[in-house]
Amino acid sequence: MTLTAPATDAVLALGLQPVAFSSADAVDAASARYPWQGELGDDVPFVPIPTADVLPVEDIATYAPDLVLGDFAVSTLESYARLSSIAPTVPAIGATVSSYDALTRILGDILGRTADADAALARTDTALADAAEGYPALAGKTALLAQYIPATQQIVVVADPDDGATSFYRALNMEIPDLGAAGVANGRLVVGPERLDVITSDLAIVLVNGGTVDQLEALPGYTELPSVRNGGMVVTDLPTIVALNTPSPLSLLYALDQVRPALASVGRE
């Protein structure tokens, strides 16, 4: 049983199917699947999480899983204890989002399929390495992942260079600019739209969460952002943000295809 998109991806990367899957993220209402999860069988049941941070433990138990790959959906001792009473459970790894390879390696170790895990990761590693080689000028340039939420007038930026959500950029030899420690919690910096200037990077991948691109572009200072001036601003959709924010070997391959034009712009010699 898998409880997050990266957990499901780890199972798919090994050529397996979960007995059921869930997700703490918002997903496509019709299929509950992300675009890179084409190998997830149509007959695999989706178990919704009706309330944030409240896991449907009773529903999970009905599938009698041999293993619960919980990931960041299992972040409290109480939820871990309840799920562990059903089956061995892999909880959140570390204090922030884990690196894209972590769950696949753990699952490979648990199932005795480390060679399969290595092969799955090698495909992603090779694709990212090829992109870095194809755009060598990306090395040393800066990148940020962010959301603008018009309803709450907040900008949320991944600020921790060691967070798993920076895996993609680090694989391309890019860097996360130092945004300082003030206001950073769980690896994210939250500011008001008057601080749009915190997006100081050469490449910026941004979701307008619950709004339109026009609302972002209307913010004072938008046209002066380095990423806007050099073709490195990518205002994208939820799947691409999820692919980068909670990465897996499968999701990063998808994200690479989505943002390649911007990489070419920023990575010009």
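From a predicted model like this one, the values you see are computed outputs, not experimental measurements.
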Exercise. side-chain hydrogen bond (donor to acceptor under 3.5 Å, both in side chains) between S99 and D101: does it pass, once the steps are laid out?
Worked result: CA-CA 6 Å; S99 181; D101 60 343; 3.0 Å; yes
Could you see if [X] belongs to whatever hydrophobic cluster contains [Y]? Use Ile, Leu, Val, Met, Phe, Trp, Tyr and a side-chain cutoff under 4.5 Å.
X	Y	result
V156	L196	no
L103	Y254	no
V74	I110	no
M174	I199	yes
I176	L225	yes

Side-chain contact test, heavy atoms from C-beta onward, threshold under 4.5 Å: evaluate it for [X] versus [Y] and give yes or no.
X	Y	result
V157	L179	yes
N230	V266	yes
N173	L138	no
V259	F168	yes
R105	D118	yes
L244	V158	no
L203	T142	no

Problem set entry | T104: which of D116, L121, D109 passes side chain to side chain contact (heavy atoms under 4.5 Å, CB included) |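 Only one option passes, and that is L121.
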Problem set entry | Test side chain to side chain donor-acceptor pair (under 3.5 Å) applied to R260 - qualifying residues, sequence neighbours left out |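 Listed in chain order: nothing, the list is empty.
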Exercise. Is the number of heavy atoms from other residues, nucleotides or ligands within 6.0 Å of CD (E133) greater than 12?
Worked result: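 No, the 6.0 Å shell around CD holds no more than 12 heavy atoms from other groups.
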Please report the interatomic distance [atom1]([X]) to [atom2]([Y]), rounded to the nearest 0.5 Å.
X	Y	atom1	atom2	result
E175	K141	CD	NZ	12.0 Å
T89	L69	OG1	CG	9.5 Å
D130	D125	CG	CG	10.5 Å
F46	I49	CZ	CD1	7.0 Å
L256	T240	CG	OG1	11.5 Å
I93	I106	CD1	CD1	3.5 Å

Give the minimum heavy-atom separation between [X] and [Y], together with the two atoms involved.
X	Y	result
L67	A87	N-CB, 4.0 Å
G164	R170	CA-NH2, 4.4 Å
A61	I86	CB-CD1, 3.7 Å
A146	I241	O-CD1, 4.1 Å
A5	S23	N-OG, 4.3 Å
P150	V208	CG-CG1, 4.0 Å

Exercise. Excluding sequence neighbours, so at least two apart, what forms salt bridge (Lys or Arg N to Asp or Glu O under 4.0 Å) with R123?
Worked result: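 Partners of R123 under the salt bridge (Lys or Arg N to Asp or Glu O under 4.0 Å) test: none.
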Problem set entry | Partners meeting salt bridge (Lys or Arg N to Asp or Glu O under 4.0 Å) with D202 (sequence neighbours left out) |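 Not a single residue meets the salt bridge (Lys or Arg N to Asp or Glu O under 4.0 Å) criterion with D202.
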Which pairs would a plain distance check flag for residues 182-195, meaning a side-chain donor or acceptor within less than 3.5 Å of a matching protein atom at least two apart in sequence or in another chain?
from : atom 1 : to   : atom 2 : distance (Å)
R188 : NH1    : D163 : OD1    : 3.3
R188 : NH1    : D163 : OD2    : 2.6
R188 : NH2    : N245 : OD1    : 2.6
R195 : NE     : D197 : OD1    : 3.0

Give every donor-acceptor pair under 3.5 Å between a side-chain atom in residues 6-19 and any protein atom, sequence neighbours left out.
from : atom 1 : to   : atom 2 : distance (Å)
T8   : OG1    : T2   : OG1    : 2.6
T8   : OG1    : T4   : O      : 3.2
D9   : OD1    : W36  : NE1    : 3.3
D9   : OD1    : Q37  : NE2    : 2.8
D9   : OD2    : W36  : NE1    : 2.9
D9   : OD2    : S248 : OG     : 2.6
Q17  : OE1    : G41  : N      : 2.7
Q17  : NE2    : E39  : O      : 2.6

For this session: Test L238 against V242 for side-chain contact (heavy atoms from CB on, under 4.5 Å), laying out the working first.
Result: CA-CA 6 Å; L238 179 64; V242 170; 3.8 Å; yes
Exercise. Passes side-chain contact (heavy atoms from CB on, under 4.5 Å), L55 versus R82? Steps please.
Worked result: CA-CA 10 Å; L55 295 176; R82 293 186 68 195; over 6 Å; no
Donor-acceptor contact below 3.5 Å, side chain [X] vs main chain [Y]:
X	Y	value
S251	P247	no
S22	L3	no
E224	G221	no
D71	A73	no
Y169	L144	yes

Exercise. For Q154 and T152, does a side-chain donor sit closer than 3.5 Å to a side-chain acceptor?
Worked result: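 Yes - a donor-acceptor pair under 3.5 Å links their side chains.
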Exercise. Going through the checks in order, is the side-chain hydrogen bond (donor to acceptor under 3.5 Å, both in side chains) test met by Q153 and Y148?
Worked result: CA-CA 7 Å; Q153 287 295 283; Y148 170 48; 2.9 Å; yes
Exercise. Between F21 and V47, is a side-chain contact (heavy atoms from CB on, under 4.5 Å) present by the stated rule, with each step listed?
Worked result: CA-CA 6 Å; F21 75 105; V47 180; over 6 Å; no
For this session: Given side-chain contact (heavy atoms from CB on, under 4.5 Å), test V234 with V206 step by step and report yes or no.
Result: CA-CA 6 Å; V234 182; V206 181; over 6 Å; no
For this session: Would you list the pairs meeting ring-ring contact (aromatic ring centres under 6.0 Å, His included) in which at least one residue belongs to residues 174-197, sequence neighbours left out?
Result: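 Residue pairs with at least one partner in residues 174-197: there are none.
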